[in-house]
Amino acid sequence: MSQQKPSAPRGMRDFGPEEMFRRNYIFSTIRKTFEKYGFLPLETPAMEKLETLTGKYGEEGDRLIFKVLNSGDFLKAAREKGIDLSQYNSLQLVKHISERAMRYDLTVPFARYVVQYHHQLTFPFKRYQIQPVWRADNPQKGRYREFYQCDADVVGSPSLINEVELILILHETLTALDIPGFKIYLNNRKILAGMASVIGASDKLTALTIALDKLDKIGHEKVLEELSNNGFDNNALAALNDLMQAASTQNDVMPFLRSFLQADELGMKGIEEIDFVINTLNSLGFPDDCISVDMTLARGLDYYTGCIMEVKVPDSGYGSIAGGGRYDDLTGIFGMSGLSGVGVSFGADRLYDLMMALNLFPPFAENRYTYFFLNFGSDESLRCMQMIQKLRSHQIKCGIYPDSVKIKKQMEYADKMHVSFVCTIGSDEISNQTIGIKNMQTGEQRTITQSAFFNELGLLS
RNA sequence: GAGGAUGUAGCUCAGCAGGUUAGAGCAUCAGAUUGUGGUUCUGAGGGUCGUGGGUUCGAGCCCCAUCUUCCUCCCCA
């Protein structure tokens, strides 16, 4: 009686038919673009070995990985290996009672896949992958513990043509989804590394990128404060202050970067790469108001090494809806170095929320019955089903109300299902070989012979 | 991982210094109309007030715990 209401776990959601209709609209749009650019589908398991995932996402990331308890009596198994469980805190205990974990993103499992199957892959290997990932993060608006990523990656080709194509994909997909005013931000990890080197803080690259990334959120002062707390000296802070000034005031930051990084070989390489990407896009007629170089863009994932990109709708209140970048040595972690990868990822759930807020989905009505038959009893419904089967064999969506209940109730149902036409075959229609057809939008109703009905549809009766 | 709010009918929300049988709108179901929807009218069902404890003569309201959702930090899609 006073049973607790059932519910899905925190941060995880059910998707009803209407939501699925919209979600599939997003997924199929993304899938269509990926395939158009020559990417092939891939799926990997929901779980990976814990060791495959740990250490790939930084310290914070490790904490957010959902670990799965070993099957069976895992405590007994651990004790039998001579492990004194009372000696460990829960963090240390994990590796003795959990060997598997839920997938945290799609890139690392993909890297694992590439290393495992490299002998049978043809490079450059282009795959796309649309699957859920899980993070033990604190749920908030637009942040879930289970959400979908839609990734496309190219592995085995260092060419910047891939970067260009991925940006084209970002643009083409978001345009197809009608996302208004989205902007692609572009940067290069080599530039960030160059900046760290120029100010003499190469060892603090991660701290620098994390702080810079927050510029548009917390402002100059706070960023400087954070950097200062992280041990950056006054010279470095002054140089970074200039840099942030330039980033927020100049339309084209490239001249500034060129002079800032002129003495740094790696930084200049990064500039070269960005130049190539931007110039190529320009000569392809890419609209330059939807892309801009943002030297404060960092992106959290540690493994990026070259171009990085991120898509946002400015002032929408939503975080980034897509992003990506180049990672030179991801497969190196799995013992296969020298394979360069580059990819993009759409955050389908954020796209969904954004599109809901902006009312960008097509109406949910198309997918129902075209012809819906009312049920007047057993003889009548049998005749209806014969006609229905004929219509279905011509790919026409149709159906019948399964129970012979009040017509008013059946009509209400048809109305709610947004059917286009209601067909009635009662005793009169059976004896006359006719059919009543009602247009549910106009309310217009007519009775014609059944053979005329098939003729109108271009079918033989 | 840290801090702060929230939770009343299927949904959106009322409610009172803690005081008898907890309300509204929408939705649902039934009837007006026993072969016709989206409008109208009438009526009905549905809540041990998130859950578990505690304080009190008495708790939807106060206290504690727990879960959900939301917000900030952290981090991210």
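Numbers restart at 1 for each chain; the letters A, B, ... are given by sequence-line order, proteins then strands. Worth saying up front: this structure is predicted, and the values here are computed from it rather than measured. Only heavy atoms go into these numbers, but all of them, side chains included; no hydrogens, no water, no symmetry mates.
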statement: Taken to the nearest 0.5 Å, the spacing of A/Met20 CE from A/Arg22 CZ works out to 12.0 Å
message: Mind checking if A/Ile210 touches a base, just sugar-phosphate, or nothing, with heavy atoms under 4.0 Å?
response: sugar-phosphate
query: Relative to A/Tyr104, does A/Lys56 satisfy both conditions: NZ or CZ under 6.0 angstrom from the six-membered ring centre, and within 45 degrees of the ring's axis?
result: no
Salt bridge (charged side-chain N to carboxylate O under 4.0 Å, His left out) contacts touching residues 346-362 of chain A (sequence neighbours left out): A/Arg13-A/Asp349, A/Arg23-A/Asp349
message: Say we look at B/rG4 and B/rG47: how far apart would their P atoms be, to the nearest angstrom?
response: 36 Å
- prompt: Out of B/rA30, B/rG37, B/rA77, which nucleotide sits closest to the side chain of A/Lys406?
  reply: B/rA30
query: Touch check for A/Glu146, heavy atoms < 4.0 angstrom, all strands: base, sugar-phosphate only, or nothing?
result: nothing
field: Integer angstrom distance from the C1' of B/rA22 to that of B/rG15
entry: 8 Å
field: Gap in Å between the two P atoms, one belonging to B/rC16 and one to B/rC62, rounded
entry: 13 Å
message: Any carboxylate oxygen within less than 4.0 angstrom of a Lys/Arg side-chain nitrogen, looking at A/Lys408 and A/Glu412?
response: yes
query: Does NZ or CZ of A/Lys126 fall inside the cone over A/Tyr37's six-membered ring, less than 6.0 Å from its centre and within 45° of the axis?
result: no
- prompt: Are the side chain of A/Asp62 and the backbone of A/Gly55 linked by a donor-acceptor contact shorter than 3.5 Å?
  reply: yes
query: Got a donor-acceptor pair under 3.5 Å from the side chain of A/Arg350 to the base of B/rC76?
result: yes
task: Decide if atom CE of A/Met385 counts as having more than 12 heavy atoms of other residues, nucleotides or ligands within a radius under 6.0 Å.
output: no
- prompt: Checking all strands, does A/Gly142 fall into the base, sugar-phosphate, or nothing category for heavy-atom contacts under 4.0 angstrom?
  reply: base
query: Atom CZ of A/Arg145 to atom P of B/rA77: distance rounded to whole Å?
result: 17 Å
- request: For A/Gly377, report the nucleic acid contact type (base, sugar-phosphate, nothing); a contact means any heavy atom under 4.0 Å.
  value: nothing
- prompt: Whole Å only: how far is the CG atom of A/Asn138 from the P atom of B/rG3?
  reply: 12 Å
task: Strictly below 4.0 Å, heavy-atom distances to any atom of RNA chain B: list the hits from residues 378-387 of chain A, or just say none.
output: none
field: Residue whose nearest RNA chain B nucleotide is more 5′ - A/Asp349 or A/Pro139
entry: A/Pro139
task: Starting at atom CD1 of A/Ile130, determine the distance to atom P of B/rA77, rounded to an integer number of angstrom.
output: 17 Å
query: Across the strands shown, which category fits A/Phe376 at heavy-atom distances under 4.0 angstrom: base, sugar-phosphate, nothing?
result: base
field: Whole-Å distance separating the CZ atom of A/Arg103 from the P atom of B/rC76
entry: 20 Å
Rounded P spacing from B/rU66 to B/rG60 in Å: 23 Å
task: Could you state the atom-to-atom distance from CG of A/Asn229 to P of B/rC74 in whole Å?
output: 13 Å
- request: May I ask you to say whether A/Arg383 pairs ionically with A/Glu429, meaning some side-chain N is under 4.0 Å from a carboxylate O?
  value: no
task: Determine the contact category for A/Gly61: base if any of its heavy atoms lies under 4.0 Å from a base atom, sugar-phosphate if only primed atoms, P, OP1 or OP2 are that close, otherwise nothing.
output: nothing
- prompt: Is any N or O donor-acceptor pair between the side chain of A/Asp415 and the base of B/rG38 shorter than 3.5 Å?
  reply: no
- line: When rounded to whole Å, the OH to C1' distance for the pair A/Tyr185 and B/rA77 reads 16 Å
- line: d(A/Thr434 OG1, A/Asp428 CG) to nearest 0.5 Å is 7.5 Å
- prompt: Would you say the base of B/rU36 and the side-chain of A/Gln445 have a donor-acceptor pair closer than 3.5 Å?
  reply: yes
- prompt: Whole-Å distance between B/rC74 P and A/Tyr57 OH?
  reply: 23 Å
- prompt: Considering only B/rG35, B/rU28, B/rG1, which nucleotide approaches the side chain of A/Ser427 most closely?
  reply: B/rG35
- prompt: Looking for any heavy atom pair under 4.0 Å, which part of the strands does A/Ser345 touch: base, sugar-phosphate only, or nothing?
  reply: nothing
- prompt: Nearest to the side chain of A/Gln140 - B/rG35, B/rG37, B/rC74?
  reply: B/rC74
field: Rounded distance in Å between the C1' positions of B/rA9 and B/rC75
entry: 40 Å
field: Atom C1', compared across B/rG50 and B/rA59: separation rounded to whole Å
entry: 16 Å
Interatomic distance, A/Thr424 atom OG1 to A/Phe373 atom CZ [nearest 0.5 angstrom]: 9.5 Å
message: Is it the case that B/rG35 (base atoms only) and A/Glu429 (side chain only) share a donor and an acceptor within less than 3.5 Å, ignoring hydrogens and angles?
response: yes
- request: Treating a pair as Watson-Crick (purine N1 to pyrimidine N3 plus N6-O4 or O6-N4) or G-U wobble (N1-O2 and O6-N3) with both distances under 3.5 Å, list the stems of 3 or more consecutive pairs that involve RNA chain B.
  value: B:1-5 with B:69-73, B:10-13 with B:23-26, B:28-32 with B:40-44, B:50-54 with B:62-66
- prompt: So which nucleotide from B/rG1, B/rC70, B/rA77 ends up closest to the side chain of A/Arg63?
  reply: B/rG1
message: Would you measure the distance from the C1' atom in B/rU68 across to the matching atom in B/rG58 and give it in whole Å?
response: 30 Å
message: Should the side chain of A/Lys438 and the base of B/rG37 be counted as holding a donor-acceptor pair, with the cut-off at 3.5 Å?
response: yes
- prompt: OP1 or OP2 of B/rU69 sitting under 4.0 Å from any side-chain N/O of A/Arg10?
  reply: yes
field: Flag, side chain of A/Arg326 to backbone of A/Ile308, donor-acceptor distance under 3.5 Å
entry: no
field: A/Gly443 vs A/Leu64, nearer the 5' end of RNA chain B by closest nucleotide
entry: A/Gly443
query: Side chain of A/Lys408: nearest nucleotide among B/rG37, B/rG1, B/rG35?
result: B/rG37
query: Between B/rG1, B/rA77, B/rU36, which one does the side chain of A/Met411 approach most closely?
result: B/rU36
- prompt: Taking the six-membered ring for Trp, are A/Tyr413 and A/Phe372 parallel (under 30°), tilted (30 to 60°) or perpendicular (over 60°)?
  reply: tilted
- prompt: Taking atom P of B/rC75 as reference, at what distance in whole Å does atom CG of A/Asp62 sit?
  reply: 15 Å
message: Categorize A/Tyr413 for me: base, sugar-phosphate, or nothing, with a 4.0 angstrom heavy-atom threshold over every strand shown.
response: nothing
- prompt: Under 4.0 Å: is that the gap between some side-chain N or O of A/Lys222 and OP1 or OP2 of B/rC73?
  reply: no
field: Between A/Phe453 and A/Phe421, ring centroids under 6.0 Å
entry: no
query: Using atom P of each nucleotide, how far apart are B/rU33 and B/rU69 to the nearest Å?
result: 49 Å
- request: Looking only at side-chain atoms of A/Lys409, point me to the closest of B/rU36, B/rC75, B/rC29.
  value: B/rC29
task: Give one of base, sugar-phosphate or nothing for A/Lys214, where a contact means two heavy atoms less than 4.0 Å apart.
output: sugar-phosphate
message: With a 4.0 Å cut-off on N to O distance, would you call A/Arg63 and A/Glu60 a salt bridge?
response: yes
task: Mind checking A/Thr424 for me? I need base, sugar-phosphate or nothing, with any heavy atom below 4.0 Å counting as a touch.
output: base
